[in-house]
Structures are given as C-alpha cells and as structure tokens.
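A short write-up of the structure that comes next.
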Amino acid sequence: MANGLTYQRTTTTPEATKQLAATLAPYLHAGDTIVLTGDLGAGKTQFVQGVAAALGVRAAVTSPTFNILLEYHDGRLPLYHYDLYRLDERWQLEDIDYYSAIDGDGDGAAFVEWAEKFPEDMPYDYLEIAITADGDGARRIVAHSFGSRSRQLLCVWANDSKSRLGKCQL
Ligand code: ADP
Ligand code: MG
C-alpha cells in the first residue's frame, strides 16, 4: 500500500521479542488487527505472549494451532489470538467469528497467525508483523501498516519503542 509505513528491528532472544511486543500493547485499541507472518517457529506466538503479558493477561498464552482461536479476557483489552494454520476452508472462518474480529469494530485486539492462507479474507486495515529467522536466535521483525488506523498505530508504537529500546529505522 502506497502510504504504508515500515518499522524494522532485530531481536536476538525470545525475551527481546516479547519485550518489543510489550511496547506495542499500550497503543492497541478495540478493533485493531495484527497479522503475524513467518515460518513455523519464527516467533509469532512469542510476540503475542509479549503483548498479552503487557496487557495484563495472567493466563498462560499458548499456541492456538490446535484450538484455532484462543481468547483472553482478563487484560486491559480482550485479546483474540487466531492461528489459521490448520484451517482449510474459507467457510470455517465464519464458525470462529473471524470476520467480526477483523472488521475493525471488534471489542478487542485480534492477532492472527497464517492469515495469508486466506488472501480473499485479509482484514481491511491491519498491521503486519513479519518475522524472519536470521541466524542463531536472531529474528528480523518488520512491521508494515496496511490502512490508516494501522499507520497511526505503527507511528505511535515505533516512536515509543525507538525511545525506549534504542535506534531504529523508520
Ligand atoms: P511461531 O508461532 O512463529 O510458529 P513460536 O513463537 O511458537 O513460533 O516459537 C518460536 C521459537 O523460536 C521459540 O522456541 C523461541 O524460544 C525460539 N526463538 C529463538 N530466538 C528467538 C527470538 N529472537 N525471538 C522469538 N523466538 C525466538
Ligand atoms: Mg504460533
């Protein structure tokens, strides 16, 4: 998208990925959608764990690969964590309330792993977090905004995270 912003960082430990994710949490609003991309084991679920902890979720955040959707309602904002890896058919998205979670009017923040399996059902406005393994334990984390709300979210997050965590490329 022409007006999209990109923000990139590299982490070298799972804890650093969670810390980076935690800096996003204060800026999340109801209706925000975050799409996480990257191979199996890239660190998508680790990222969501960092967000969840910073939202005040006390329950253990595990991978929703088998459940498809795990919800957490005890944090500052409801958190909907989808993993579409095991879904094969578009119609199954209805059953898990996917469309209402990603249409921008939801009551919480939706984090989605493997959304790209369903290109026709991508959210209208979303922040993409692309995680790539880059050698031993290193992960390149590239955030890109698709749409005006996610652009605003990325701006405030990147500025805050930049000042707290050191240099970045905006
Ligand atoms: P995904 O959800 O992308 O399939 P997970 O988050 O479940 O992946 O797992 C990521 C794995 O990679 C974990 O075992 C984690 O300990 C490991 N890891 C190693 N280095 C990092 C890093 N820098 N950031 C995130 N995870 C890392
Ligand atoms: Mg995962």
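Numbering of ligands and ligand atoms starts at 1, following listing order.
Here the shortest heavy-atom distance to atom 21 (C) of ligand 1, taken over A138, G38, A42, G137, belongs to G137. Taking each of G41, G50, P64 in turn, the one with a heavy atom nearest to atom 11 (C) of ligand 1 proves to be G41. Closest heavy-atom approach to atom 25 (C) of ligand 1 among the candidates T37, T17, T45: T17.
When distances to the Mg ion (ligand 2) are checked against a cut-off of 2.8 Å, E113 contributes an N, O or S atom below that limit. When distances to the Mg ion (ligand 2) are checked against a cut-off of 2.8 Å, T45 contributes an N, O or S atom below that limit.
Note on I68: it does not cluster hydrophobically with V61, by side-chain heavy-atom contacts below 4.5 Å among ILVMFWY residues.
Contacts of T13 with ligand 1, taken as heavy-atom pairs under 4.0 Å, involve the backbone alone.
None of D125, D105, D32, D103 except one satisfies the salt bridge (charged side-chain N to carboxylate O under 4.0 Å, His left out) rule with R149; the exception is D32.
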Practice prompt. Please step through side-chain hydrogen bond (donor to acceptor under 3.5 Å, both in side chains) for the pair Y98 and D121, ending with a clear verdict.
Written response: CA-CA 9 Å; Y98 187 60; D121 304 293; over 6 Å; no
- Item | Full working for side-chain hydrogen bond (donor to acceptor under 3.5 Å, both in side chains) between Y82 and D97 | CA-CA 10 Å; Y82 286 92; D97 277 339; over 6 Å; no
Point to revise | Verdict with supporting geometry, H144 and Y126, ring pair (Phe, Tyr, Trp, His ring centres under 6.0 Å) | key: CA-CA 9 Å; H144 190 78; Y126 64 97; 9.1 Å; no
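Listed by number with element, the atoms of ligand 1 under 4.0 Å from a non-hydrogen atom of T12 are 23 (N). Applying the 4.0 Å criterion to heavy atoms of L40 picks out, from ligand 1, the atoms 4 (O). Heavy-atom proximity to K44, at under 4.0 Å, picks out these atoms of ligand 1: 1 (P), 2 (O), 3 (O), 4 (O), 6 (O), 8 (O).
Using a 3.5 Å distance cut-off with no hydrogens or angles, the side chains of T45 and E113 do pair a donor with an acceptor.
Heavy-atom separations between D39 and ligand 1 include at least one value shorter than 4.0 Å.
Surrounding OH of Y85 are at most 12 heavy atoms belonging to other residues, nucleotides or ligands under 6.0 Å away.
Shown here, atom 2 (O) of ligand 1 is in close reach of the protein: a heavy atom of it lies under 4.0 Å off.
Scanning the protein for heavy atoms near atom 17 (C) of ligand 1, the closest one is R139 NH2, 3.7 Å. Scanning the protein heavy atoms around atom 13 (C) of ligand 1, the nearest turns out to be Q46 NE2, 3.8 Å. For atom 16 (O) of ligand 1, the nearest non-hydrogen atom of the protein is P14 CG, 3.3 Å.
Considering OG1 of T65 and CH2 of W114, their distance stands at 9.5 Å, rounded to 0.5 Å.
Counting only heavy atoms from C-beta outward, the side chains of L20 and W157 approach each other to under 4.5 Å.
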